[in-house]
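Worksheet for the structure shown next.
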Amino acid sequence: MWKTGLLLLFWGLLTSSELQQEATEPEPRNQPPSGKLDFGYVPQGVYKTLAYYEPGVIGILFHMVHAFLYVVQPNPFPGDLVVKVAKDKFGAIQSEYQKPENIVLTLQAIYYETGFMVCAVLGLLFIVLLPLVGLFFCLCRCCENCGGEMHQRQRKNADCQRGLLTTLLFATSLIITAGVLCAYAANQNLSSQLEGMKRLVSSNLKDLQTFANETPTQIDYLIAQYATAKYTVISDLDNVGPLLGGNIHVELGTEVHPALDGVLRMAGAMRETKEALENVSVSLEVLQEATGKLHFNLSLVRSSLNRTLNDPGCSGEDSDATTTQLCRSIHSSLAQLHVSANFTRLPDVNNQLESVNQVLKTDLSDIIQKGFSSFNDTPGMVSDQMRDVVEGARGMLDVISTNISSFSKVFPVHSSLANFTNFIIHTQSKIEDSYPEIDQIDFYRWICCTGLCCMVVLILAFNFLAILCGTMGYDKHASPTTRGCVSNTGGTLLMAGVGFSFLFSWILMGVVTATFLVGGNVEKLVCEPFHTKELFKVLDTPHLVNPEWRNFIPGYMYNDSDLDLTVENFYSNCKNNRSLYSAMRLDKVFNVTTLLNSSLYTKEVAKMFDSVKIDLRGIVLLESEGKQSLIDFSETGIAEINYAAYLAEVNKGVTLVDLLSYANELEAQTDLMPKGPLQTSLKGHANSLRQIHSQLVIPMEQAMSTLNQSIRLLERTASDLPNKITDVLKTIEAAQYLISQNATHVAIQETEKYKQTIVGYFRQYIEWVRTSLTMEVAACKPFSNIVDTVEIVACSFLVDSLNTFWFGLGCCALFLLPSIILSVKLAKFYRRMDTEDVYDDIPAYDTMTRFPRASAPPRHIDW
């Protein structure tokens, strides 16, 4: 039943990724990057189990036991042997033992268990022989042998022997004490960890409930986030004009804008040409009129100066040499007072100006603006032509949204998880109900283990009390027959300890041997291979559980044993808190396309856009009137103007000499003459020249500057004007041809990019769902925590404590042997003897060998 529920859960997880199959199709090349969608964070449950155990100080004892077990069993984990035995299920080995392969397996098992078998044999010998030795020892002492005779021979090193035996017995007792403390600590640790086990079990069950409660919420979140992709697609569909039409506009604009800009520059050149022609015409009239006035005024000034220079005061007998010389100089310079440039010979530009004005009657700028407006309306045209496609896509989105919303109703994921939650609650209730029984069993176990420890403690009590009494009651002057009561009590306690050692030691060794074989093998065959993952390799051995299954988990769950799903992979993925979808390799099991037919939706959307035929032939960049205007402009005759003649006259000065400089020089020469009518007259002529310069020459220079600029502008404009007009017309024709004939290719290319952008939102959603299913949804950390908890409880709590217990008791049992021997020997030095050695007085000259004779101690009334 749980298998069916788990499959339904996995099925529900997959239903949220309805476009998975489409996402696996090859990506088209040159796909534009779609906008990044933010689907938020999948709600996550908090798992509280910390499957980790730190033993603390007792961990030192655990490490000692592990080291001892490595010495006993240094062989690596017999994975191949375990696999062979597991495949045969022990039956073939038992029924057909004589087969060579079964004998080999038996020998391999014996070889692996050699250390344990040797220790077990030694333990059994200890159990069997020690009671027999104790029995014979008792019989022997009853016959006053084996130290049973109450007589002690005198020796010179008796004190040294006594001290040595006491020290050795004390050291041996300390070792036994350490062993019993080790066993008691392990006993207490196992009981104290019982509460930790309960907390771990409770925490794991709560994590499973969290897993079952959070998974439906996560699935609902995945399904709900389809709305993010849907609304983004709707937004792009509503803005298909700016997005698709804008991209087409930009792509075509690389050719169209330069063409229209060329025509626009030519329209500006027409206006500049008109202004230049008007300036030339006006300037030429001004210069022609001013030239006549200047010529007339300069003639008057020359005539007046000539009459003044013919005055007797300038060249007569009354004039001095300086004046005469100055007059001659001034007279010789009168030839410079003439007009230099002659503008009357230049032809006018009225015909050209009239032609340009005629051309400008057609408003080319307005025609160009119409072309720009027509081209800039590309997004609107695209939006109008895409209206039906957009409506169809919106309707399809609503259908997909409805289907996705119905998935949670079609598949009973929530009910399956609810049943799983009820199962967890029922299991937790049963486990908690068993806690009192577990506590009672643990109490009985603790009593038994404590009783074993108390056996050792009783023997230790006899030993330590005996050593104390023997040491405190020692009198070096007392003979063996006269030892005090305290010393004698010490000896008696030692013998009591020996008796209890014979009674208890074989029981202790029996417990040690049994627990050693169980705990040691569990540690070496289960716990240690789990940490090294050798155990996973055994479980993942192909055809181990079923000869027909390569991997038993997918073979059992999906009837597909070739699927790469092993116990180790599942555990590792869950250990890393990966999702159950990833850990169980559900992507290889369920066909999402069959469930949702999501690929069909994507193809339908693609078909809608593939059927789009965007027609931009309605865009007219330049009307025929604009083209004719350009042609007429090239025929206005501005290229026929004699620019060389204009520039030749403009480059001349207005007069042959600068009138202002001439007037200043004339005034300077006049100042050298004596004052009189001649000087006054010449200064008047200088002022006249200055007046002519300001009133006529300066305006003429300004007009010549305007004329110069206008002529040069016209010359540049007229330079190769027909070819320029032809290039502009060719460019605009090429752009118009691109729009009318080749725009379909651009529209198809941009439509494909737009379609991939729309589909890209679905792919983002699919990829996000796949990533969420792989990493976040139904994180299976609780399942690995359960395995780790079982390992902690079984190995760290139980097996390590059990091994430490037998390790301590075994140490006690082994060291009871030297304790028995030392106690028996030491008791002779503590107990009061019945007889002692007595020596007679021997003369100094007597050389015969003497032997002591036994003598009873003197009798006292108080004995």
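Note that the coordinates shown come from a computational prediction; the quantities given were computed from them, not determined experimentally.
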### Query
Hey, does Ile631 have a side-chain heavy atom less than 4.5 Å from the side chain of Leu729?
yes
>> Would you say that Val286 contacts Pro699 through its side chain, given a criterion of any heavy-atom pair below 4.5 Å between the two side chains?
In response: no
Note: Thr254 and Glu251 closest approach over all heavy atoms is OG1-O, 2.8 Å
Here the gap from Asn642 atom CG to Leu346 atom CG, rounded to the nearest 0.5 Å, amounts to 8.0 Å
Check whether any side-chain heavy atom of His338 lies under 4.5 Å from a side-chain heavy atom of Ser299, and answer yes or no. no
Indicate yes or no for a side-chain donor-acceptor contact from Ser383 to the backbone of Pro379 under 3.5 Å, with no hydrogens or angles considered.
-> no
- Message: Tell me whether Ser694 contacts the main-chain N or O of Gln691 through its side chain, where contact means a donor paired with an acceptor under 3.5 Å.
- Response: yes
Separation between OG (Ser629) and CD (Gln358), nearest 0.5 Å, reads 10.5 Å
For Asn723, the side-chain hydrogen bond (donor to acceptor under 3.5 Å, both in side chains) test, sequence neighbours excluded, returns Asp720
Contact check, side chains of Ser705 and Gln709, non-hydrogen atoms, under 4.5 Å: yes
| request: Evaluate side-chain contact (heavy atoms from CB on, under 4.5 Å) for Glu715 paired with Leu647, printing each intermediate quantity in order. | output: CA-CA 10 Å; Glu715 185 181 25; Leu647 294 175; 3.8 Å; yes
What one should report as the nearest heavy-atom pair of Gly253 and Pro258 is O-CD, 3.5 Å
| message | Checking side-chain polar atoms at under 3.5 Å, does Asp632 have a donor or acceptor matched by the opposite partner on Gln628? | response | yes
Rounded to the nearest 0.5 angstrom, the CG-OG distance for Asp366 and Ser373 is 9.0 Å
Step by step, work out the side-chain contact (heavy atoms from CB on, under 4.5 Å) result for Thr717 and Glu272.
CA-CA 9 Å; Thr717 303; Glu272 292 176 354; 5.5 Å; no
Mutual orientation of the aromatic rings belonging to Phe375 and His257 [parallel < 30°, tilted 30-60°, perpendicular > 60°]: perpendicular
All heavy atoms of Trp768 vs all of Phe39, minimum pair found to be CE2-CB, 3.4 Å
Can you list the steps and then say if Leu364 with Val359 is a side-chain contact (heavy atoms from CB on, under 4.5 Å)? CA-CA 9 Å; Leu364 184 60; Val359 171; over 6 Å; no
* **Short N-O contact, Lys293 and Glu289, less than 4.0 angstrom** => yes
Test side chain to side chain contact (heavy atoms under 4.5 Å, CB included), reference Leu277, set Asn351, Val282, Asn350, Ile641, output is Ile641
message: Looking at Asn708 and Met704, would you say the former's side chain and the latter's main chain have a donor-acceptor pair under 3.5 Å?
response: no
Check whether Asn376 reaches the backbone of Phe372 with its side chain - one donor and one acceptor, N or O, closer than 3.5 Å.
yes
Heavy atoms of Ser374 and Val620 approach each other most closely as OG-N, 3.4 Å
Please say whether more than 12 non-hydrogen atoms of neighbouring residues, nucleotides or ligands are located less than 6.0 Å from CD in Glu354.
no
Nearest heavy-atom contact between Met700 and Ala290 is CG-CB, 3.3 Å
Q | Flag side-chain contact, heavy atom, 4.5 Å: Arg690 against Asn664 | A | yes
In terms of heavy-atom contacts, Glu625 and Thr362 come closest through O-CG2, 4.0 Å
Interatomic distance, CD@Gln736 vs OG1@Thr731, rounded to 0.5 Å, equals 13.0 Å
* Is there a donor-acceptor contact under 3.5 Å from the side chain of Asn239 to the main chain of Pro242? -> no
Would you mind reporting whether Lys730 and Glu733 have side-chain heavy atoms less than 4.5 Å apart?
no
Without swapping roles, check the side chain of Thr771 against the backbone of Glu767 for a donor-acceptor pair under 3.5 Å. yes
_Check: Glu752/Gln756 side-chain N/O donor and acceptor closer than 3.5 Å_ = yes
When rounded to the nearest 0.5 Å, the distance separating CG of Asn687 from CD1 of Ile692 is 11.0 Å
What do the steps show when you test Gln225 against Thr228 for side chain to side chain donor-acceptor pair (under 3.5 Å), and what is the final call?
CA-CA 5 Å; Gln225 285 305 306; Thr228 301; 2.9 Å; yes
CG (Leu630) and OG1 (Thr726) are apart, to the nearest 0.5 Å, by 10.0 Å
- prompt: Quick one: are Tyr754 and Val382 in side-chain contact, heavy atoms under 4.5 Å?
  reply: no
Are side-chain N/O atoms of Asp236 and Tyr761 paired as donor and acceptor at under 3.5 Å?
yes
Carefully, step by step, assess Ile248 and Leu244 under the rule side-chain contact (heavy atoms from CB on, under 4.5 Å). CA-CA 6 Å; Ile248 295 174; Leu244 176 57; 4.2 Å; yes
Taking side chain as C-beta onward, heavy atoms only, is Glu776 less than 4.5 Å from Gln218?
no
